[in-house]
Engineer: 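Okay, here's the structure, questions in a sec.
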Amino acid sequence: MNKSESKYFNTAILMDEALIRLLEVKEYDYITVKEVCEKAGVNRSTFYLHYETMNDLLAECMEYVKKRFFESFPYTTNDFIGGIGSAPLESLVLINSDYLRPYLTFFKENKSLFKAVYKNPSCMQTQEQYNGMSEYILRPIMKRFHIPDIEQKYWITFFVNGSIAIVREWINGDCKEPIEEIETILIHCIRPDSQNG
């Protein structure tokens, strides 16, 4: 990456982060280019060098957030998805410390960001993200566990919405409980048989 590409990339990050901070206090539809530029410390002309519209910035911001999220895990998404068909079944149980600890740590370290996501779920395209996770991760795992196709959408709805509700409640409470406690709650809610094992 040359110097001008690096500067372009760094400016984009400043604008991504400015939008995230503004979303904490204001609905997306009411955020202006001027506000993003002021918060990022850039000129309006710089904004338009990067984006045509606020929706372009929002789309990039979601990619930025998603990249940061996946970087918090010790494996790449493609490696995990590619290995679902041959991985040992016990490694496909995602409600355990190996998967929950980095997930919850990331949420706690970025709680302001996720408060904004929860305030603006439609503009932050969270449903599209969950749909992708369902299609490429959860459904293939359920096939490995021989869960009938007709039941899968209900399992996914319970798993995703239940997990999100617990994490959202924790974030709305400013993450006061330790990560280990939320991890235990998630495990016991999603896998109640684990309380006896």
Side-chain angles (χ1 to χ4, degrees), residues 13 16-25 28 58 61-84 87-142 144-145 147 154-197:
I13 289 174
D16 290 340
E17 292 176 348
L19 178 58
I20 291 165
R21 288 194 310 271
L22 287 165
L23 281 169
E24 294 175 21
V25 297
Y28 172 71
L58 181 61
C61 187
M62 276 308 301
E63 287 305 309
Y64 171 68
V65 170
K66 188 166 68 171
K67 181 176 182 274
R68 284 178 52 204
F69 175 73
F70 288 123
E71 285 174 351
S72 72
F73 287 90
Y75 53 84
T76 70
T77 305
N78 289 338
D79 289 344
F80 181 80
I81 291 172
I84 288 174
L89 286 178
E90 62 271 9
S91 73
L92 298 178
V93 177
L94 302 182
I95 301 299
N96 65 45
S97 293
D98 290 342
Y99 294 100
L100 289 175
R101 192 69 50 94
Y103 173 80
L104 293 171
T105 300
F106 177 78
F107 271 75
K108 185 170 185 173
E109 290 172 353
N110 297 278
K111 63 186 174 188
S112 295
L113 163 66
F114 286 101
K115 283 181 182 178
V117 169
Y118 293 143
K119 286 180 189 173
N120 301 278
S122 60
C123 78
M124 296 301 284
Q125 304 169 0
T126 51
Q127 193 57 51
E128 289 83 353
Q129 302 297 319
Y130 301 138
N131 290 345
M133 182 176 71
S134 298
E135 185 65 27
Y136 297 107
I137 297 174
L138 299 179
R139 283 191 186 275
I141 288 173
M142 289 185 183
R144 288 289 313 279
F145 282 97
I147 295 172
Y154 299 105
W155 283 65
I156 289 169
T157 298
F158 175 78
F159 176 80
V160 171
N161 291 332
S163 300
I164 291 167
I166 290 169
V167 173
R168 179 183 296 152
E169 185 70 22
W170 181 52
I171 287 173
N172 286 341
D174 210 30
C175 301
K176 290 184 178 131
E177 296 85 0
I179 289 171
E180 297 77 16
E181 187 174 328
I182 301 305
E183 177 185 317
T184 299
I185 290 167
L186 278 162
I187 290 170
H188 289 175
C189 287
I190 304 284
R191 299 174 53 211
D193 60 321
S194 65
Q195 294 182 62
N196 302 323

Engineer: Are Val160 and Leu138 close enough, and set up right, to give a side chain to side chain contact (heavy atoms under 4.5 Å, CB included), and what steps lead you there?
Structural biologist: CA-CA 10 Å; Val160 171; Leu138 299 179; 3.7 Å; yes
Engineer: Which pair of heavy atoms, one from Val65 and one from Phe106, lies closest together, and at what distance?
Structural biologist: O-CZ, 4.3 Å
Engineer: How long is the span from the SG atom in Cys175 to the CD atom in Glu109, to the nearest 0.5 Å?
Structural biologist: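 Cys175 atom SG to Glu109 atom CD measures 10.5 Å (nearest 0.5 Å).
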Engineer: Pair up each side-chain donor or acceptor in residues 176-185 with any protein partner under 3.5 Å, not counting sequence neighbours, and list the distances.
Structural biologist:
| from | atom 1 | to | atom 2 | distance (Å) |
| --- | --- | --- | --- | --- |
| Glu183 | OE1 | Arg101 | NE | 2.7 |
| Glu183 | OE1 | Arg101 | NH2 | 2.8 |
| Glu183 | OE2 | Ser97 | OG | 2.2 |
| Glu183 | OE2 | Arg101 | NH2 | 3.2 |
| Thr184 | OG1 | Glu180 | O | 3.0 |

Engineer: Just to verify, what does Phe107 make a ring pair (Phe, Tyr, Trp, His ring centres under 6.0 Å) with, not counting sequence neighbours?
Structural biologist: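 Ring pair (Phe, Tyr, Trp, His ring centres under 6.0 Å) check on Phe107 returns Tyr103, Phe114.
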Engineer: If you compare all heavy atoms of Ser134 against all heavy atoms of Pro140, which two are closest, and at what distance to 0.1 Å?
Structural biologist: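 Residues Ser134 and Pro140, closest heavy atoms: O-CD, 4.2 Å.
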Engineer: Out of curiosity, Leu58 CG to Tyr64 OH, how far, rounded to the nearest 0.5 Å?
Structural biologist: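 So the CG of Leu58 and the OH of Tyr64 are separated by 14.5 Å.
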Engineer: Does the Arg144 side chain pair with the main chain of Ala87, one donor and one acceptor, at a distance under 3.5 Å?
Structural biologist: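 Confirmed, Arg144 side chain pairs with Ala87 backbone.
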Engineer: About how many Å separate CD1 of Ile187 and OH of Tyr99, when rounded to the nearest 0.5 Å?
Structural biologist: 13.0 Å
Engineer: For the atom pair CG (Asn161) and CZ (Arg168), what is the distance rounded to the nearest 0.5 Å?
Structural biologist: 8.5 Å
Engineer: Any heavy-atom pair between the side chains of Lys108 and Ile171 that's under 4.5 Å?
Structural biologist: no
Engineer: Can you name the closest pair of heavy atoms from Ser163 and Ile190 and give their distance?
Structural biologist: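 Distance-wise, the nearest heavy atoms are OG-CD1, 3.9 Å.
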Engineer: How long is the gap from CG on Leu19 to OH on Tyr28, to the nearest 0.5 Å?
Structural biologist: 7.0 Å
Engineer: Are Leu186 and Leu104 side-chain neighbours, meaning at least one heavy-atom pair lies under 4.5 Å?
Structural biologist: yes
Engineer: Between atom CH2 of Trp155 and atom CZ of Arg139, what is the distance when rounded to the nearest 0.5 Å?
Structural biologist: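 The distance works out to 13.0 Å.
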Engineer: Can you establish whether the number of heavy atoms outside Phe145 located under 6.0 Å from its atom CZ is more than 12?
Structural biologist: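 Enclosed: over 12 neighbouring heavy atoms sit under 6.0 Å from CZ of Phe145.
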